[in-house]
Amino acid sequence: MQSPEPNPPAQSSRQVMSNCPQCSASLAVLRIIPGKAGAEYWTMRCTKCGGIHLDIVKADSPAASVQESSDVFA
């Protein structure tokens, strides 16, 4: 059985989606996974509708922004 992480993910200065594109409610970060070339994969769940959203964030530039977004509905 895997225990939950003791500390929440560190806050990033990178621009990531903060509101659900379907219902505009807040998004809660579920996981941040390091990717190729310094990118990060942010998985988030909507606090209202439960939708899962993935942001791919480019990490190389100081003002990095969301490179790609996708939505997954269960």
Q: Can any side-chain N or O of R45 pair as donor or acceptor with the backbone N or O of G50 at less than 3.5 Å?
A: yes
Q: Nearest 0.5 Å, please: how far is OG1 in T43 from CG in D55?
A: 9.0 Å
Q: Once you round to the nearest 0.5 Å, how far does CG of L54 lie from OH of Y41?
A: 8.0 Å
Q: Write down the atom of M44, the atom of V29, and the distance for their closest heavy-atom approach.
A: CG-CA, 3.9 Å
Q: Only counting residues at least two apart or in another chain, list the ones meeting side chain to side chain contact (heavy atoms under 4.5 Å, CB included) with S26.
A: T47
Q: Assess whether side chain to side chain contact (heavy atoms under 4.5 Å, CB included) is satisfied between V57 and I32, documenting all intermediate values.
A: CA-CA 10 Å; V57 181; I32 301 172; over 6 Å; no
Q: Is any side-chain heavy atom of C46 closer than 4.5 Å to a side-chain heavy atom of H53?
A: yes
